[in-house]
Asks: 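Please find one structure pasted underneath; my questions will follow.
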Amino acid sequence: MQIQTTMKSITLDITKAEQFLAKGAVEAYESKVKAAQEALENGTCAGNDFLGWLHLPSSITDDFLNEIQAVADTLRKKCEVVVVAGIGGSYLGARAVIEALGNSFAWLIDDRTNPTILFAGNNIGEDYLYELTTYLKDKKFGVINISKSGTTTETALTFRLLKKQCEAQRGKEEARDVIVAVTDAKKGAARTCADKEGYKSFVIPDNVGGRFSVLTPVGLLPIACAGFDMKALVKGAADMEKACGKDVPFAENMAARYAATRQALYTQAGKKIEIVANFQPKLHFMAEWWKQLYGESEGKELKGIFPAACDFTTDLHSMGQWIQEGERSIFETVISVETPRYELDFPHDDENLDGLNFLEGKRVDEVNKMAELGTRMAHVDGGVPNILINMPELTEYYLGQLIYFFERACGVSGLLQGVNPFNQPGVEAYKKNMFALLDKPGYEAESKAIRERL
Ligand SMILES: O=P(O)(O)OC[C@H]1O[C@H](O)[C@H](O)[C@@H](O)[C@@H]1O
């Protein structure tokens with residue numbers, strides 16, 4: 001596969017956020033950012049056993065990518081449908097990239113060159129699983145079972161259903177060729193099962209946390225299965241790793257400036273909610289991935305910017321009112337895509353019954369861009385600081401850049417906030433209650449205690 005050679009890069013514009021801060025407020029973070037970058041680089045920060053993502057892009061070899069590609073090619077050859085089972089960090093990154101790059105109607109198109117990619121293991125909806133397993137009944141399907149811990153209930157429950165169905169439909173031998181595990185090297189039920197059944201498996205490194213794992217086989221294998229260019233994705237991330245490095249001056253370092261701007265808005269301007277907004281529906285899941293990245297990294301010790309997301313212009317017709325005139329506790333980060341993949345010109349109509357002839361001859365994207373500009377101006381006028389991230393195009397390369405940019409900025413921002421950005425202790429509370437309520441062996445005392453509270 002050919003790697004794009006390009007001199008372009010995603011860019012960051014914070015001018016419309018800075019105007020809500022005292023002069024020099026962002027620059028004032030320079031030394032703190034430097035300390036955070038050094039702590040990441042030297043492994044001296046909190047959570048330093050989870051820094052494997054930091055130089056991951058530049059350390060991925062072509063051989064490793066070829067190994068992933070070979071497994072992806074087997075699945076592509078043998079499966080009409082590949083079900084990616086995973087949740088949180090074992091799900092969102094792959095879906096974000098696949099949906100950003102794919103056809104918006106992928107599942108309706110009888111595309112015989114690529115398997116249909118479906119996602120499961122990310123909920124416990126009985127109807128969802130019933131409908132999925134029913135759809136799969138007459139399909140040659142394979143499964144990528146992704147779980148770092150290998151014990152996550154949503155994913156494990158789904159995998160048991162899919163494994164049984166796959167074996168019943170294709171026979172145990174053939175199922176073995178189309179079930180792949182991505183999990184811990186040694187621990188967890190997913191590892192035990194993969195080793196016992198002889199599935200092809202990939203390891204999620206110990207020092208890469210789930211939400212930082214999209215550039216491991218967690219994201220790369222599903223992305224390759226869908227037919228996208230992992231090498232270009234990794235190249236984009238590796239270029240951004242350089243561009244956001246600790247020795248890149250603050251003024252030129254996108255990750256440093258984004259981290260500093262968000263923290264300044266949070267601590268000095270009372271902006272407690274960040275809305276990531278897109279004007280391209282293909283970016284919906286990129287924002288979902290971003291929400292986990294920032295939410296789990298920063299939301300702790302009774303602190304943290306609440307990460308929210310909107311799809312524009314869609315949500316301008318539902319959330320627009322709140323954003324324009326509700327409590328002034330929000331700021332907005334717009335991910336803008338400069339050039340769409342396709343061109344569609346708006347046609348003339350003799351009758352002009354809809355009154356839209358003023359748009360005649362314009363590209364649809366020109367209308368979208370004016371909506372974007374008009375929205376940003378209106379929201380800034382309404383007291384909403386605006387950060388702009390510009391992507392030249394929706395390609396693997398720029399998505400790779402965007403992913404690493406957000407990861408790096410997240411590490412820095414969490415450290416600026418004074419928390420361990422790499423743990424997520426709070427996520428256990430619901431699991432503990434659920435297991436107690438389900439009488440999971442080992443939870444006897446919790447079961448008794450929770451029943452008394454009902
Ligand atoms: O990959 P897994 O171990 O299945 O974990 C999947 C997800 O669920 C957990 O509860 C964590 O909150 C997430 O950080 C993680 O990405």
Asks: Please enumerate all residues that pass salt bridge (charged side-chain N to carboxylate O under 4.0 Å, His left out) together with K246, with sequence neighbours excluded.
Replies: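 By the salt bridge (charged side-chain N to carboxylate O under 4.0 Å, His left out) rule, K246 matches no residue at all.
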
Asks: Report the C-alpha distance between R257 and E27 in whole Å, list the side-chain angles of each, state the deciding distance to 0.1 Å, and finish with yes or no for salt bridge (charged side-chain N to carboxylate O under 4.0 Å, His left out).
Replies: CA-CA 8 Å; R257 296 182 76 72; E27 266 62 32; 3.1 Å; yes

Asks: Measure the shortest side-chain to side-chain distance between L233 and L220 over non-hydrogen atoms and say whether it is less than 4.5 angstrom.
Replies: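 Yes, at least one pair of side-chain atoms sits under 4.5 Å.
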
Asks: Test of understanding: with side chain to side chain donor-acceptor pair (under 3.5 Å), list the residues that count as partners of R376, not counting sequence neighbours.
Replies: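 Partners of R376 by the side chain to side chain donor-acceptor pair (under 3.5 Å) criterion, ordered by chain and then number, come out as N386.
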
Asks: Between atom CG of D49 and atom CG of N423, what is the distance when rounded to the nearest 0.5 Å?
Replies: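 Answer for the CG-CG pair, D49 versus N423, is 9.5 Å.
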
Asks: If you look at every heavy atom in A224 and A72, which pair is closest and at what distance?
Replies: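 Heavy atoms of A224 and A72 come nearest at CB-CB, 3.6 Å.
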
Asks: In this structure, are over 12 heavy atoms from other groups packed under 6.0 Å from L302 atom CG?
Replies: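 12 or below, so no.
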
Asks: So do T261 and L265 actually touch side chain to side chain, heavy atoms under 4.5 Å?
Replies: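 Touching, per the 4.5 Å side-chain cut-off.
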
Asks: Is it the case that the side chain of S213 and the backbone of V208 share a donor-acceptor pair, with hydrogens and angles ignored and the cut-off at 3.5 Å?
Replies: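 No, because the side chain of S213 does not come within donor-acceptor range (under 3.5 Å) of the backbone of V208.
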
Asks: In Å, rounded to the nearest 0.5 Å, how long is the span from CD of Q401 to OG1 of T395?
Replies: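 Spacing of CD (Q401) from OG1 (T395) equals 8.0 Å.
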
Asks: Can any side-chain N or O of R341 pair as donor or acceptor with the backbone N or O of L394 at less than 3.5 Å?
Replies: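 Yes.
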
Asks: Could you pull out every donor-acceptor pair under 3.5 Å between side chains of residues 426-440 and any protein atom, sequence neighbours left out?
Replies:
{"unit_1": "Y430", "atom_1": "OH", "unit_2": "E154", "atom_2": "OE2", "d": "2.7"}
{"unit_1": "D439", "atom_1": "OD1", "unit_2": "S447", "atom_2": "OG", "d": "3.4"}
{"unit_1": "D439", "atom_1": "OD1", "unit_2": "R451", "atom_2": "NH1", "d": "3.1"}

Asks: Is there a side-chain contact between I305 and Y294 in this structure, where contact means two heavy atoms from C-beta onward sitting under 4.5 Å apart?
Replies: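 Side-chain contact under 4.5 Å: no.
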
Asks: Any heavy-atom pair between the side chains of C310 and I323 that's under 4.5 Å?
Replies: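 Sidechains of C310 and I323: in contact.
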
Asks: Working to the nearest 0.5 Å, report the span between CD1 of I387 and OG1 of T333.
Replies: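 Rounded to the nearest 0.5 Å, the CD1-OG1 separation comes to 4.0 Å.
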
Asks: At what distance, to the nearest 0.5 angstrom, does CD of Q69 lie from CG of D229?
Replies: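 If we round to the nearest 0.5 Å, Q69:CD and D229:CG are 8.5 Å apart.
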
Asks: Within a strict 4.5 Å, meaning less than it, do heavy atoms of the C45 and L51 side chains meet?
Replies: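 Answer yes - side chains close enough.
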
Asks: Can you sort out the partners of R363 under salt bridge (charged side-chain N to carboxylate O under 4.0 Å, His left out), two or more places apart, ordered by chain and number?
Replies: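 Applying salt bridge (charged side-chain N to carboxylate O under 4.0 Å, His left out) to R363 gives E343.
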
Asks: With rounding to the nearest 0.5 angstrom, report the CG to CG distance, L402 to N390.
Replies: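 Between atom CG of L402 and atom CG of N390 there are 11.0 Å.
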
Asks: Side chain to side chain donor-acceptor pair (under 3.5 Å) with Q268: which residues, sequence neighbours excluded?
Replies: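 Expected list: none.
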
Asks: Looking at side-chain heavy atoms only, is the closest gap between I144 and V82 below 4.5 Å?
Replies: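 Yes, close enough: below the 4.5 Å cut-off.
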
Asks: Provide the full list of salt bridge (Lys or Arg N to Asp or Glu O under 4.0 Å) pairs with a residue in residues 298-320, sequence neighbours left out, each pair given once.
Replies: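 Residue pairs with at least one partner in residues 298-320: R262-E298.
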
Asks: Can you tell if the side chain of Q280 reaches within under 4.5 Å of the side chain of M391, non-hydrogen atoms only?
Replies: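 Sidechains of M391 and Q280: no contact.
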
Asks: Can you name the ring-ring contact (aromatic ring centres under 6.0 Å, His included) partners of Y29, sequence neighbours left out?
Replies: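 Once residues adjacent in sequence are excluded, Y29 has no partner under the ring-ring contact (aromatic ring centres under 6.0 Å, His included) criterion.
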
Asks: Only counting residues at least two apart or in another chain, list the ones meeting ring-ring contact (aromatic ring centres under 6.0 Å, His included) with F405.
Replies: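 Result, ring-ring contact (aromatic ring centres under 6.0 Å, His included) vs F405: Y258.
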
Asks: For Q321 and E325, run side chain to side chain donor-acceptor pair (under 3.5 Å): C-alpha distance rounded to whole Å, both residues' side-chain angles, the deciding distance at 0.1 Å, then the answer.
Replies: CA-CA 6 Å; Q321 172 62 35; E325 295 183 346; 2.8 Å; yes

Asks: What donor-acceptor contacts under 3.5 angstrom involve side-chain atoms of residues 364-375, with partners at least two apart or in another chain?
Replies:
{"unit_1": "D365", "atom_1": "OD1", "unit_2": "K369", "atom_2": "NZ", "d": "3.1"}
{"unit_1": "D365", "atom_1": "OD2", "unit_2": "K369", "atom_2": "NZ", "d": "2.8"}
{"unit_1": "N368", "atom_1": "ND2", "unit_2": "F279", "atom_2": "O", "d": "2.9"}
{"unit_1": "K369", "atom_1": "NZ", "unit_2": "V337", "atom_2": "O", "d": "2.7"}
{"unit_1": "K369", "atom_1": "NZ", "unit_2": "E338", "atom_2": "O", "d": "3.1"}
{"unit_1": "E372", "atom_1": "OE1", "unit_2": "S336", "atom_2": "OG", "d": "3.3"}
{"unit_1": "E372", "atom_1": "OE2", "unit_2": "S336", "atom_2": "OG", "d": "2.6"}
{"unit_1": "T375", "atom_1": "OG1", "unit_2": "A371", "atom_2": "O", "d": "2.5"}

Asks: Using every non-hydrogen atom in the two residues, find where A308 and I273 come nearest and quote the distance to one decimal.
Replies: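 Smallest heavy-atom distance, with atoms named: CB-CG2, 4.2 Å.
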
Asks: Go through the steps to decide whether S90 and K148 satisfy the test side chain to side chain donor-acceptor pair (under 3.5 Å), and finish with yes or no.
Replies: CA-CA 7 Å; S90 292; K148 183 165 187 208; over 6 Å; no

Asks: Is the shortest distance from a Lys or Arg side-chain nitrogen in K448 or E452 to a carboxylate oxygen in the other one below 4.0 Å?
Replies: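 Yes, this pair counts.
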
Asks: Could you work out, with side chain to side chain donor-acceptor pair (under 3.5 Å) as the rule, every residue matching S297, not counting sequence neighbours?
Replies: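 Side chain to side chain donor-acceptor pair (under 3.5 Å) check on S297 returns R211.
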
Asks: Under the salt bridge (Lys or Arg N to Asp or Glu O under 4.0 Å) definition, can you give me all pairs with a residue in residues 398-412, not counting sequence neighbours?
Replies: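 Qualifying pairs, neighbours excluded: E41-R408.
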
Asks: Flag the pair K16 / E332 as yes when at least one side-chain heavy-atom distance between them is below 4.5 Å, and no otherwise.
Replies: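 With C-beta onward as the side chain, the pair stays apart.
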
Asks: Please list all pairs passing the salt bridge (Lys or Arg N to Asp or Glu O under 4.0 Å) test where one or both residues lie in residues 96-109, with sequence neighbours left out.
Replies: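 Sorted result for residues 96-109: R95-E99.
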
Asks: Determine whether S329 and E327 satisfy the following criterion, side chain to side chain donor-acceptor pair (under 3.5 Å), listing intermediate values before the conclusion.
Replies: CA-CA 6 Å; S329 50; E327 190 183 75; 3.0 Å; yes

Asks: Yes or no on side chain to side chain contact (heavy atoms under 4.5 Å, CB included) for F358 and F346, after CA distance, side-chain angles and deciding distance?
Replies: CA-CA 10 Å; F358 71 102; F346 198 70; over 6 Å; no

Asks: Look up atom OG1 in T314 and atom CE in M319, then write down how far apart they are to the nearest 0.5 Å.
Replies: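 Separation between the atoms: 13.0 Å.
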
